[in-house]
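Below, all heavy atoms of this structure are taken into account, side chains as well, without hydrogens, waters or symmetry copies. By convention in this document, chain letters (A, B, ...) are assigned in the order of the sequence lines, proteins followed by strands, and residues within each chain are numbered from 1.
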There are 2 protein chains.
Amino acid sequence: MKKSIPKKTVQRLLLYYRSLNFLLQQGIKNISSKSLAGLMEIRDSQVRKDLSYFGHLGKRGAGYDVLELRDKIARILGIEQVKNVCIIGMGSLGSALAAYKGFAALGFKVRAVFDNASHKVGRKIRGYECRPMEAMEKIIRQEDIEIAVLTVPADAAQEIAVRLEKCGIKAILNFAPVKLSLSRRVKVSNVDLAMEIKTLSFFIK
Amino acid sequence: MKKSIPKKTVQRLLLYYRSLNFLLQQGIKNISSKSLAGLMEIRDSQVRKDLSYFGHLGKRGAGYDVLELRDKIARILGIEQVKNVCIIGMGSLGSALAAYKGFAALGFKVRAVFDNASHKVGRKIRGYECRPMEAMEKIIRQEDIEIAVLTVPADAAQEIAVRLEKCGIKAILNFAPVKLSLSRRVKVSNVDLAMEIKTLSFFIK
DNA sequence: TAAAATATGTGAAAAAATTCACAAGCGATG
DNA sequence: CATCGCTTGTGAATTTTTTCACATATTTTA
Ligand SMILES: NC(=O)c1ccc[n+]([C@@H]2O[C@H](COP(=O)([O-])OP(=O)(O)OC[C@H]3O[C@@H](n4cnc5c(N)ncnc54)[C@H](O)[C@@H]3O)[C@@H](O)[C@H]2O)c1
Ligand SMILES: NC(=O)c1ccc[n+]([C@@H]2O[C@H](COP(=O)([O-])OP(=O)(O)OC[C@H]3O[C@@H](n4cnc5c(N)ncnc54)[C@H](O)[C@@H]3O)[C@@H](O)[C@H]2O)c1
C-alpha cells in the first residue's frame, strides 16, 4: 500500500494544475521541476517529491511533458469526474459562490440551492431555483449530492450540519465562523475569511 | 528576542478568541486548556504551547480566566486597533465581502471600494460609494489603507497588484486564482475556494 | 560515440510542528 | 499546615514536512 498523501501535497497539485494550464495556453510543451517551482515560489525538490507520490511522471534529463502531466494530475484529483454539490443559504456569499465559474472548471456541479427565507424560496437566484429547507434531505438523495457548501448564519450552521450528516452527505465546506461537531465520517473544511485577513495583518510590520 | 510565532499558532489564536467569546456569552468565567481544546478538536498541549509564546497566561491548578485570556489574545492580535482596508472589484464576491460583519468584529474597517465598470462607479454598493480605479492610489494614501482585498477577474489581478505595491499597500488578500508576483515587502495571502473544495473532495472515500 | 550538460526520483538530513510527560505551582480539604 | 488533586508551562520525544544531495537516466554537443 502507498503512503498516504499529505493534504499540503494535494493543495499544491492544484496549483501545479493551474500553472500547467497556463503554460499550455502559452504553447509551452515541456517544463522542468525547477521552472514549474519558479512559477509559485517553492523549491524544485518539493515539486518532484509531490509528483513522486504518483509514480514516474517525468523523464530524467528532459523534465515533464506539460499536457501529459496536466492530464495525469486531473486524473489524480478526479477533475474529469463530476461531483454534485449544493449550496445552503443563498445570502450574499451563497449567491456569489453559486455564480462562481471556478467550481465547474474543477468538476463540481451545483445541483441545488436552499434557503429558508420565504421570499427566496421558489425564486430563481443566479439561475438556480431556490428550494425550501424542508426538501433538503429528499433533494440531496435524489440528485446524488455528496458535498454541501454551507453559507448560513453561524447560529443556524450546526443544526443544518447535523441534518446533512443524517442524510448521508460526505463533506461540508463551511463558511460560518463556528466549529461544527459531527462524526468523523463527514469531512469538514472551514473557510474563515476573517481569520485569513487577521492572520495577514498580524504579520505586517 | 522572542522566538518567531508560527502562522498556525496565530490562526489557532483566532479560534481560541472565538471560543472564548462564546464561553463569555454563556457566563463561563474559567476554563482549562483541556476543555478549550475540546471545543475545537485539538490537544490540550497544543493550546498551552500556543499560549506559552506570549507569557504565563494561566494559573497552575486553576486554568485560564476566560475574560482575561480573551482580552490578552485581542491585544496580541491587535483586534482593538483598527486597520483600514479597501475592496477592489465590486462583483458578486466583492459585494458579499463588503457586507460581511465579521471583518468589523476583528478590527477591520472598509474605507473604500473600487471598480472599473462605468455603471458601478459613483453608485452606492452595500452602503459604500464605488470609486473609480483612477482614484485608487490617491484614496489609499488619503485614507491610510494598509490592506487591499482583491476580487477582480484573474487576468486583471497582477496589474492591479503592481499598482498596489507601488502606492505602498502592506498586504493583499487575493481571491483571484493566480499567483501574484510582487516583492517580498508586500504580504500576500491567497484564498482559493476552488482549491478548498477540491482538496475536500479528494479525501472523500 | 564519448563526454558534458541536464534533470528526475528518492533516501537521508534538516527543519518545523505536534504531542508527550512531568516537575512545579495553586487551591481545597481536613 | 501537610497532603491531595488538578492544571499549567515547558523541555524532550515524536511525527510530519521540507530540503538536500546524489545516483541514475536522458539529451546534446562535439
Ligand atoms: N458575506 C461574506 O462575505 C462572508 C464572509 C465570510 C463568512 N461569511 C459567513 O457566511 C455566512 C453567510 O454570510 P452572508 O453574508 O451570505 O449572510 P446573509 O445574511 O447574506 O445570508 C444568509 C442566508 O442564509 C439564509 N438562512 C438563514 N437561516 C437559515 C436556515 N436556518 N436555513 C437555511 N437558510 C437560512 C438567509 O435567509 C440568508 O439568505 C455567515 O455565517 C457569515 O458569517 C460571510
Ligand atoms: N464569485 C465567487 O464566489 C468567487 C469565488 C472564488 C474566487 N472568485 C474570484 O474572485 C474574483 C471576482 O469574482 P466575482 O465572482 O466577484 O466576479 P465578478 O465578475 O462578479 O466581479 C468582478 C468585478 O471586478 C470588476 N473589474 C474587472 N476588471 C477590473 C479592473 N481591471 N479593475 C477594477 N475592477 C475590475 C468588474 O467590473 C466586476 O465588478 C475572480 O477572480 C474570481 O475568480 C470568485
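- Here Lys8(A) does not reach the OP1 or OP2 of dT16(D): none of its side-chain N or O atoms lies under 4.0 Å away.
- Summarising the geometry, the separation between CG on Asp65(B) and P on dT8(D) is reported as 13 Å, rounded to the nearest angstrom.
- Among the candidates Ile147(A), Val82(A), Val149(A), the single residue satisfying the side chain to side chain contact (heavy atoms under 4.5 Å, CB included) test with Phe108(A) is Ile147(A).
- In this entry the distance linking CD1 of Ile5(B) with P of dA16(C) reads 14 Å, nearest Å.
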With the sugar-phosphate defined as primed atoms, P, OP1 and OP2, and the base as all remaining atoms, what B/S/- string results for nucleotides 23-30 of chain C, 5' to 3', for protein heavy atoms under 4.0 Å?
BBBSS---
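- At the phosphate of dG9(D), OP1 or OP2 sits under 4.0 Å from a side-chain N or O atom of Tyr64(B).
- At a threshold of 4.0 Å, the pair Glu137(B)-Arg163(B) counts as salt-bridged, since one of the basic side-chain nitrogens sits closer than that to a carboxylate oxygen.
- Using a cut-off of 4.0 Å between Lys/Arg side-chain N and Asp/Glu carboxylate O, Lys59(B) and Asp65(B) are scored as not salt-bridged.
- A straight line from OH of Tyr53(A) to P of dT16(D) spans 11 Å, rounded to a whole angstrom.
- Ionic pairing of Glu41(A) and Lys179(B) is present here: one or more N-O contacts between side-chain nitrogen and carboxylate oxygen are shorter than 4.0 angstrom.
- Heavy atoms of other residues, nucleotides or ligands lying less than 6.0 angstrom from CZ of Phe22(A) number 12 at most.
- The residues Asp44(B) and Arg48(B) are annotated as salt-bridged, a charged nitrogen and a carboxylate oxygen being separated by less than 4.0 angstrom.
- Taking every heavy atom of residues 31-50 of chain B and every atom of DNA chain D, pairs under 4.0 Å involve Ser32(B), Ser33(B), Arg48(B), Lys49(B), by number.
- Atom CZ of Arg185(A) has more than 12 neighbouring heavy atoms from other residues, nucleotides or ligands inside a 6.0 Å radius.
- When side chains are defined from C-beta on, Leu15(B) counts as touching Met195(A), because their heavy atoms get closer than 4.5 Å.
- Looking at Asp115(B), its side chain does come within 3.5 Å of a backbone N or O of Ala117(B) through a donor-acceptor pair.
- Straight-line distance from the NZ atom of Lys7(A) to the C1' atom of dT18(C): 16 Å, rounded to whole Å.
- One atom, CZ of Arg12(B), and another, C1' of dT19(C), lie 12 Å apart when rounded to the nearest Å.
- Taking atom CD of Glu68(A) as the reference point, atom C1' of dT8(C) lies 14 Å away to the nearest angstrom.
- For His56(A), a side-chain nitrogen or oxygen approaches OP1 or OP2 of dT10(C) to under 4.0 Å.
- Remark: P of dT8(D) and CG of Leu51(B) are 9 Å apart, rounded to the nearest angstrom.
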